[in-house]
Amino acid sequence: MLHVNRLSVRVLFFCLTGWVCISQVKGQDASGNRAISSDAPTLFDAPLPSADIDPASVTVSQAGLIDLDLKDQDIAQVLSLLSLQAQRNIIASPNVSGTISGRVYGADFYEVLDGLLTPYGLAYREKGNFIHVYTIDEIRVQEEARQQLQTHILRLNYLTATEAATLLTPMLSPLGAITGSTEAAAGFEANVSDGGANTFAHSETLIICDTPKAVEEIIAVASELDVRPKQVLIEATILSASLDEDNQFGVDLTILADMAFSEVAGGPANAIAGLLTGTVTGTANAFQTAVGNTSQPGGTKIGILTGDVAAFIRALDEVTDTTILSNPKLLVLNRQRAILQIVDKLGYISTSTTETSSTTTVEFLDVGTTLRVRPFISNDGFIRLELQPEISDGTTSIEADKIIPKTSTQNLITNVMVRNGQTVILGGLFKEQTTVGRRQTPFLGDVPLLGAAFRGQDDQVRRTETIFMITPTVVKDDSLYLAGEKMKDTVKTARLGARQGLLPFSRSKLVASHMRDALKKYETGDYSKALMYINMALRLDPAYVQARQLHEKITGKIQAPMQRSMLAQAIEGLIQEELPIPPSVLDDATGGTSGGIPGGGGGE
């Protein structure tokens with residue numbers, strides 16, 4: 001009996017000190033009963049740590065404080081030994097691996113766990129009597145799996161669904177998904193085969209399915225992205241100047257011998273032609289020069305006829321200076337393209353021939369001035385502009401019975417940075433063409449002084465230059481509203497000013513005069529006189545809206561046309577059935593009786 005008591009005390013001692021409570025004693029007690037053996041499983045059985053780690057490296061004091069002395073020890077073995085020494089159920093995931101080193105003195109069990117696991121990207125979760133050790137990724141997946149997914153429909157105002165999905169997809173959790181509506185059909189006009197068909201006709205839409213936390217973050221970011229884009233007012237001043245200068249000078253001589261000019265049909269200019277064709281007979285001799293080109297139009301012409309000698313002098317100095325100034329304005333969204341064109345259409349015929357048929361169509365070539373621009377607004381008050389000004393002209397010629405278009409183009413493509421409201425100037429589109437034409441009689445035209453009578457010269461100078469001045473300005477909604485209201489007032493003032501020039505007995509002036517009198521009487525409270533002037537205005541212009549509105553305001557009766565259409569009557573009946581409108585209200589609104597039957601209260 002005494003042997004049994006000593007065995008019990010021994011077991012109790014080891015349990016209190018935290019060591020493994022396994023008895024290695026075999027035998028029987030004093031009563032002949034068999035003692036406890038290690039072969040029989042007990043509640044204190046646990047796997048022994050690997051032989052690679054010293055059990056003394058992990059110790060637990062009687063107060064439950066833990067000391068560690070580790071050097072490049074496998075973390076799974078350390079956790080196993082800690083489980084044995086601290087008598088706690090620690091289960092590590094198969095993905096927990098690696099070695100740890102360090103010393104710990106007198107630390108609490110949970111402090112030891114945090115100190116061992118956190119630096120190595122590990123964490124634990126305690127559930128009941130078990131402590132599970134996982135990697136950080138495993139913890140994240142478990143937490144997301146425990147969360148219930150939710151679906152949210154996000155309506156976009158300015159972002160497209162495709163762009164929003166691209167920006168927001170990286171924010172999804174591993175369990176989330178995002179999808180959006182299809183893009184709008186490209187092009188401005190529908191073709192015959194696709195007049196809209198069954199395309200998505202609602203606003204841009206996103207469907208987000210994810211954890212509540214992820215959905216909340218995605219919605220917050222989307223609200224920051226889906227904001228109204230800024231607009232840029234592009235004011236373009238296009239100055240096109242052209243200079244055409246023609247300088248011409250020439251002298252023509254005609255000399256006849258043995259015959260007077262009066263005998264030559266057509267005058268001195270036809271003397272040589274008459275001798276060659278035989279219309280001038282006799283023994284006459286003639287000398288003539290035509291290098292002066294005096295038959296063409298000129299600024300000054302001088303003719304001298306003396307006896308048998310005629311001299312013609314032609315001089316021209318013609319200058320044409322043309323300046324074209326245009327100042328168009330256009331409003332364009334940020335990062336969007338805009339095109340400004342001031343062009344003429346040059347038509348030509350295009351023929352397409354196949355083995356079986358030939359098709360002729362009329363094509364047009366745009367020639368003139370074109371400006372392509374795209375603004376990029378930055379947050380520091382600057383605007384980057386993509387600019388492509390272009391100047392083109394063209395002609396057509398007939399070659400082999402076909403019209404061939406020919407065009408010449410000057411353009412430049414540039415990116416410039418300009419402050420909001422400042423002007424950038426684009427020039428250099430300059431072209432000058434000088435043509436010198438000289439005609440003379442050989443040898444005689446080279447004689448000093450006297451040679452001027454035997455030569456002619458035509459000079460032409462063609463010079464064109466175009467300058468673009470671009471002023472971008474970021475505009476706000478209130479500025480656009482004020483500008484629109486100002487323009488409406490301007491148009492109204494211009495319309496009134498145009499009517500002031502009408503004859504006093506014109507219908508517009510008479511109606512306006514009657515309405516002014518009606519408003520004056522209405523303001524003084526003389527409603528009978530006001531109605532009289534209103535009726536006079538309506539007799540002249542039955543469709544004058546302001547007069548009818550004032551008539552309804554004075555009489556309190558709504559003037560509505562009689563419904564003569566069976567379809568309109570059916571629609572009124574349908575509305576009365578669908579909406580809880582009292583019959584009396586419908587009668588007042590339509591000017592007839594309930595049920596869609598027209599009455600006699602029309603105001604015509």
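Just so it is clear, the structure is predicted and the values come from calculations on it, not from any experiment.
- Closest approach of S203 to L156, counting heavy atoms only: CB-O, 4.0 Å.
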Let's go through E523 and K521 carefully: what are the C-alpha distance in whole Å and the side-chain angles of both, what is the deciding distance for salt bridge (Lys or Arg N to Asp or Glu O under 4.0 Å) to 0.1 Å, and is it a yes or a no? CA-CA 5 Å; E523 292 174 354; K521 297 300 181 182; over 6 Å; no

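- Nearest heavy atom pair, residue Y522 against residue Y527, reads CD1-CE2, 3.5 Å.
- Counting non-hydrogen atoms of neighbouring residues, nucleotides and ligands closer than 6.0 angstrom, the CD atom of Q341 exceeds 12 such neighbours.
- At least one cation-pi condition fails for R335 and F376: the charged atom is not both under 6.0 angstrom from the six-membered ring centre and inside a 45 degree cone around its axis.
- Atom OG of S397 sits about 6.5 Å away from atom CD1 of I404, to the nearest 0.5 Å.
- A salt bridge between E386 and R384 is present, with a side-chain N of the basic residue lying under 4.0 Å from a carboxylate O of the acidic one.
- D210 places a side-chain N or O within donor-acceptor distance of the main-chain N or O of S173, the cut-off being under 3.5 Å.
- Side-chain contact between I178 and L172 is present, with heavy atoms from C-beta onward closer than 4.5 Å.
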Evaluate side chain to side chain contact (heavy atoms under 4.5 Å, CB included) for H551 paired with L531, printing each intermediate quantity in order. CA-CA 7 Å; H551 186 281; L531 287 175; 3.7 Å; yes

Is there a side chain to side chain contact (heavy atoms under 4.5 Å, CB included) between V424 and L385 once you walk through the steps? CA-CA 10 Å; V424 57; L385 294 175; 4.3 Å; yes

Can you list the steps and then say if T409 with N411 is a side chain to side chain donor-acceptor pair (under 3.5 Å)? CA-CA 6 Å; T409 303; N411 62 12; over 6 Å; no

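- Under 3.5 Å, the side chains of T205 and R155 contain a donor-acceptor pair of N or O atoms.
- A parallel orientation is assigned to the rings of Y533 and H514, their planes being inclined by less than 30° (bins at 30° and 60°).
- Under the 3.5 Å distance criterion, the side-chain polar atoms of E204 are matched with a main-chain donor or acceptor of A161.
- Between A547 and I534, the shortest heavy-atom distance links the atoms O-CG2, 3.5 Å.
- For D344 (side chain) and G368 (main-chain N/O), no donor-acceptor pair under 3.5 Å exists by modelled atom type.
- Side-chain atoms of V343 and T369, non-hydrogen and from C-beta on, never get closer than 4.5 Å to each other.
- For E183 and T162, the side-chain atoms include at least one donor-acceptor pair closer than 3.5 Å.
- A 4.5 Å side-chain heavy-atom check between I238 and I342 finds at least one atom pair inside the cut-off.
- Nearest approach of P472 to N420, heavy atoms of both residues: O-OD1, 3.7 Å.
- No side-chain heavy atom of T370 sits under 4.5 Å from any side-chain heavy atom of I391.
- Considering CZ of F468 and OG1 of T237, their distance stands at 11.0 Å, rounded to 0.5 Å.
- Using a 4.5 Å heavy-atom cutoff, the side chains of T466 and L239 are not in contact.
- To the nearest 0.5 Å, atom CD of residue Q336 and atom CD of residue Q231 are 10.5 Å apart.
- Closest heavy-atom contact between Y158 and D226: N-OD1, 2.7 Å.
- Side-chain N/O atoms of S392 and T407 include no donor and acceptor closer than 3.5 Å.
- Counting heavy atoms from C-beta outward, T396 and K406 have side chains that stay 4.5 Å or more apart.
- N334 CG to R228 CZ: the interatomic distance, rounded to the nearest 0.5 Å, is 14.0 Å.
- Of the possible donor and acceptor atoms, one in the side chain of T524 sits under 3.5 Å from a partner among the backbone N and O of K520.
- Considering only heavy atoms from C-beta on, L206 comes within 4.5 Å of L168 through its side chain.
- Nearest heavy-atom pair, L426 versus P389, reported as atom, atom and distance to 0.1 Å: CD1-CG, 3.9 Å.
- At distances below 3.5 Å, not a single donor-acceptor pair connects side-chain atoms of R516 with backbone N or O atoms of V511.
- Taking NZ from K230 and CG from N379, the interatomic distance works out to 5.5 Å, rounded to the nearest 0.5 Å.
- A heavy-atom distance below 4.5 Å is found between the side chains of I219 and H152.
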Using the rule given for side chain to side chain contact (heavy atoms under 4.5 Å, CB included), can you reason through V232 versus V475, listing the C-alpha separation, both sets of side-chain angles and the distance that settles it, and then say yes or no? CA-CA 6 Å; V232 179; V475 295; over 6 Å; no

Applying side chain to side chain contact (heavy atoms under 4.5 Å, CB included), run through T361 and I349 and close with a yes or a no. CA-CA 6 Å; T361 58; I349 297 176; over 6 Å; no

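- With 3.5 Å as the limit, one finds a donor-acceptor pair spanning the side chains of T160 and E163.
- Distance check: I208 CD1 to E217 CD gives 11.5 Å after rounding to the nearest 0.5 Å.
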